[in-house]
Amino acid sequence: MWDIDSLVRSNNQASLDWMMRGRQSQIAVEPHPKAWPLSVLASRMLFGPVNLEALIALLTDATGNSKFFGLVRKFLPEYEKKIMRAAKTERVYEFCQHFSQKYYPVPGGYYTANIAGLLETLPVDLFGLSYTSYEDMSMRDGYLCLLSLLIYPFTGDDRLAQDDEVPFVIRGTAKDAENQKWKPTDYDIGWLRHLISIIADGGVWRAPTGFSITKIDDNHIKVEQAKNTAAVKEVLRRTLIIAQRLNIHVEFKAGRSAAEKKERGPRIVLLEKVSGLVGRAIVERIPEFGWTPEEIHKLVDGTKYADLAAFADWALGKTGCRVLDKNYEHCSYVEGESEPIFKWSQYNIESLAREWPRAKAILDHIDNITDWVEKNTVTNFGELVNFLSAHYTKPKSRKIPSNAYDPFEPLDLEMVIDSGFGETDEEAFEEEEIA
C-alpha cells in the first residue's frame with residue numbers, strides 16, 4: 001500500500017525528471033506546471049473529518065517549518081509570500097526554483113524533497129574528477145577518449161602504491177577449462193553451491209588462500225580483496241568456470257598490482273579501453289604520458305578544438321572553480337552519513353553563486369567537445385588526435401610535471417563535521433550555548 005504523500009512525491013519527481021531532461025550539467029529552472037496533478041488530488045481528498053495523522057505530523061514538524069521559513073526570509077525574502085502561500089507539497093519546489101535562479105542551480109533531487117531533507121544540508125553538486133571514477137572508468141565514451149589525451153591526474157595519490165582489489169584479469173570459461181585440461185567434478189560444483197546457500201545475502205566468505213566472496217543473492221556473487229598470487233589466480237579461474245555451470249554471475253573489477261602500475265604507467269588500462277573504442281592506430285599517436293593542460297592550451301586555443309582546453313583544465317583540477325576542481329573525496333563526513341553535510345551559511349551560498357557563471361561556462365565547453373567526439377567517435381576523435389600530433393613538436397627534454405593530488409586537501413566550504421565526541425560540531429555548539 002502507498003500513502004498519499006508517497007504518491008504525491010513520486011508523481012512530482014516524475015514530472016520534474018521529464019521537464020529537466022537534457023544535459024546532465026544543467027538544471028532547467030524555467031518549467032513550472034500550474035499544478036501538480038496528484039497534489040491537487042491530495043488536497044481535495046483531505047477535506048472532511050480531521051486527519052489525526054496529518055495533525056500529529058504538523059505539530060511534530062513545527063520546528064522544521066520554522067527553520068524553513070527562516071531560510072526563505074534570509075535568502076529569498078522577495079519570494080516569501082509566493083513560497084509560503086504554495087501548497088505544502090509545493091513549497092520546497094518553489095524554494096528550489098527561485099534559489100536556482102538567484103544563486104546557483106539546486107541539484108534536481110532536492111526539488112521534490114521534504115522540508116526536513118532540504119534543511120539537512122545545503123544542496124551542492126561537486127563535479128570534480130575523482131580517483132575512483134578514473135580507475136573504475138565508468139564514464140561516457142567521450143570522457144574516456146578525451147582523458148586518454150592527458151597526463152595522469154593523480155600522481156600524488158598513495159593508492160598508486162597499492163594493489164587494486166583484484167589486481168589481475170580473471171579468465172574462467174568452458175574453453176579455458178578445456179585448454180587447461182581441468183574440468184570441475186561433481187564435488188567441486190556441489191561445494192560452491194553449498195557455500196552460496198549457507199551465506200546470507202550481503203554476507204562475506206574469506207578464502208584462506210587470499211580473496212573474499214560477497215554474496216549479493218543466490219545468483220550473484222562479488223570477488224574482492226584478492227592477492228596477486230598464482231594460487232589465487234588459479235582458484236578464482238576455477239571458481240568462474242564452476243559458477244558458469246551454476247548460472248551464477250561473478251562480479252569483479254580487474255585491476256593492476258602496484259608493481260604493474262609502476263612499470264607500465266597508470267594510464268595503461270585507460271589506453272587499452274580507448275583502443276577498443278577507436279582502434280590502436282589512433283591511440284598510438286598519443287604521447288606515452290599524454291599532454292599537459294598547458295600543452296593542450298598552446299595547441300588548441302583559438303582553433304575549432306578550443307573546448308578541449310576546458311576539459312583538460314577540469315580533468316587536472318585547474319579551472320579555479322571549487323565545484324569543478326574538487327570531488328567528494330575532499331569532504332569531511334559525519335560518522336554514519338554517506339553524504340557530506342554542507343552548512344546553510346551566507347558564505348557558502350554567496351561564494352558558490354559568484355563561482356557558478358564561470359563553472360557553467362566551463363561545463364558547457366566540456367559538453368560541447370564530449371558531444372562532438374561521441375557524435376562519430378572513431379572519425380572525430382581520430383581527427384582530433386591527428387590535429388594535436390601534427391601541431392605538436394616534442395621538446396628535446398620533456399619532463400612530465402607531477403600533478404600532486406591530495407584527497408585530504410580540505411574543500412573551502414563550511415561543513416558539518418564530527419566534533420570527536422560522537423556528536424556533530426553543530427550539536428556541540430548548541431550544548432555549549434545552553435550551558
Side-chain angles (χ1 to χ4, degrees), residues 20-28 105 125-131 133-154 267 269-327 355-392 401 403 405:
M20 291 186 174
R21 66 198 187 285
R23 292 186 176 182
Q24 293 293 320
S25 63
Q26 293 180 212
I27 299 297
D125 254 343
L126 298 179
F127 300 95
L129 180 65
S130 70
Y131 177 95
S133 60
Y134 188 102
E135 293 297 311
D136 286 347
M137 290 189 289
S138 54
M139 291 178 276
R140 295 168 55 178
D141 289 350
Y143 275 69
L144 295 174
C145 289
L146 295 173
L147 284 172
S148 73
L149 301 173
L150 306 173
I151 62 170
Y152 186 69
F154 309 109
R267 284 167 26 91
V269 174
L270 173 62
L271 294 177
E272 289 174 353
K273 178 87 171 180
V274 175
S275 293
L277 296 174
V278 300
R280 192 165 297 278
I282 293 176
V283 173
E284 285 176 349
R285 303 198 68 182
I286 302 171
E288 180 183 3
F289 296 104
W291 284 286
T292 67
E294 294 74 19
E295 290 172 329
I296 291 292
H297 271 279
K298 289 180 181 178
L299 290 168
V300 304
D301 282 353
T303 73
K304 62 180 284 189
Y305 310 108
D307 289 333
L308 176 61
F311 185 94
D313 289 339
W314 166 76
L316 274 294
K318 296 180 181 295
T319 69
C321 298
R322 291 164 299 175
V323 292
L324 301 185
D325 293 341
K326 301 291 185 179
N327 57 68
E355 184 178 278
W356 177 247
R358 174 172 164 74
K360 180 182 181 301
I362 294 171
L363 287 170
D364 286 343
H365 290 308
I366 293 172
D367 279 338
N368 290 339
I369 190 70
T370 307
D371 291 345
W372 176 75
V373 168
E374 292 180 345
K375 199 170 186 178
N376 191 328
T377 306
V378 176
T379 300
N380 290 347
F381 186 66
E383 176 188 323
L384 179 58
V385 172
N386 289 340
F387 174 86
L388 295 173
S389 57
H391 290 78
Y392 175 68
N403 189 63
Y405 175 76

Rounding to 0.5 Å, atoms CZ (Arg358) and CG (Leu324) come to a distance of 8.5 Å
Examine distances only and state if a side-chain atom of Ser133 and a backbone atom of Leu129 form a donor-acceptor pair shorter than 3.5 Å.
-> no
Counting only pairs under 3.5 Å, give me each side-chain donor-acceptor contact of residues 273-283, with atom names and distances, residues two or more places apart or in other chains.
| unit_1 | atom_1 | unit_2 | atom_2 | d |
| --- | --- | --- | --- | --- |
| Ser275 | OG | Leu271 | O | 2.8 |

Where do Arg267 and Gly290 come nearest, in terms of heavy atoms and distance?
-> NH2-N, 3.7 Å
How many angstroms lie between OG1 in Thr292 and CD1 in Ile151, if you round to the nearest 0.5 Å?
-> 6.0 Å
First locate atom CD1 of Ile286, then atom CZ of Phe381, and finally report the distance between them rounded to the nearest 0.5 Å.
-> 4.5 Å
Check for a donor-acceptor pair, side chain of Ser148 on one end and backbone N or O of Cys145 on the other, with a separation under 3.5 Å.
-> yes
Write out all pairs satisfying salt bridge (charged side-chain N to carboxylate O under 4.0 Å, His left out) with one or both partners inside residues 300-315, taking only residues at least two apart or from two chains.
-> Lys304-Glu383
What is the minimum heavy-atom distance between Pro153 and Ala315, and which atoms define it?
-> CB-O, 3.6 Å
Could you please spell out the steps behind the side-chain contact (heavy atoms from CB on, under 4.5 Å) verdict for Met139 and Leu147?
-> CA-CA 10 Å; Met139 291 178 276; Leu147 284 172; 3.5 Å; yes
Do the side chains of Tyr152 and Leu270 get nearer than 4.5 Å, heavy atoms only?
-> no
Quick one: salt bridge (charged side-chain N to carboxylate O under 4.0 Å, His left out) pairs with a partner in residues 136-152, sequence neighbours left out?
-> Arg140-Asp371, Arg140-Glu374
Are any of the side-chain heavy atoms of Leu149 and Phe311 separated by less than 4.5 Å?
-> no
Separation between CD (Glu294) and NZ (Lys318), nearest 0.5 Å, reads 5.5 Å
Indicate yes or no: at least one non-hydrogen side-chain atom of Leu308 is less than 4.5 angstrom from one of Leu146.
-> yes
Report the residues that fulfil side-chain hydrogen bond (donor to acceptor under 3.5 Å, both in side chains) with Ser138, sequence neighbours left out, ordered by chain and then residue number.
-> none
Atom of Val373, atom of Gly142 and distance for their closest heavy-atom approach | CG1-CA, 4.2 Å
Could you check whether the rings of Tyr143 and Trp314 sit parallel, tilted or perpendicular, using 30° and 60° as the cut-offs?
-> perpendicular
Smallest heavy-atom separation, Ala312 atom then Pro293 atom, equals O-CG, 3.9 Å
Salt bridge (Lys or Arg N to Asp or Glu O under 4.0 Å) filter on Arg285, not counting sequence neighbours, yields none
Atom pair CG (Leu384) and OG1 (Thr379), whose distance is rounded to the nearest 0.5 Å | 12.5 Å
Closest approach of Gly320 and Asp325, non-hydrogen atoms and distance?
-> N-OD2, 2.8 Å
Considering all heavy atoms of both residues, which atom of Ala359 and which atom of Cys321 are nearest to each other, and what is their separation?
-> N-SG, 3.9 Å
Those residues that, when tested against Glu355, pass side-chain hydrogen bond (donor to acceptor under 3.5 Å, both in side chains) (two or more places apart) = Arg322
Inter-residue atom distance Tyr305.OH - Leu388.CG, 0.5 Å rounding = 8.5 Å
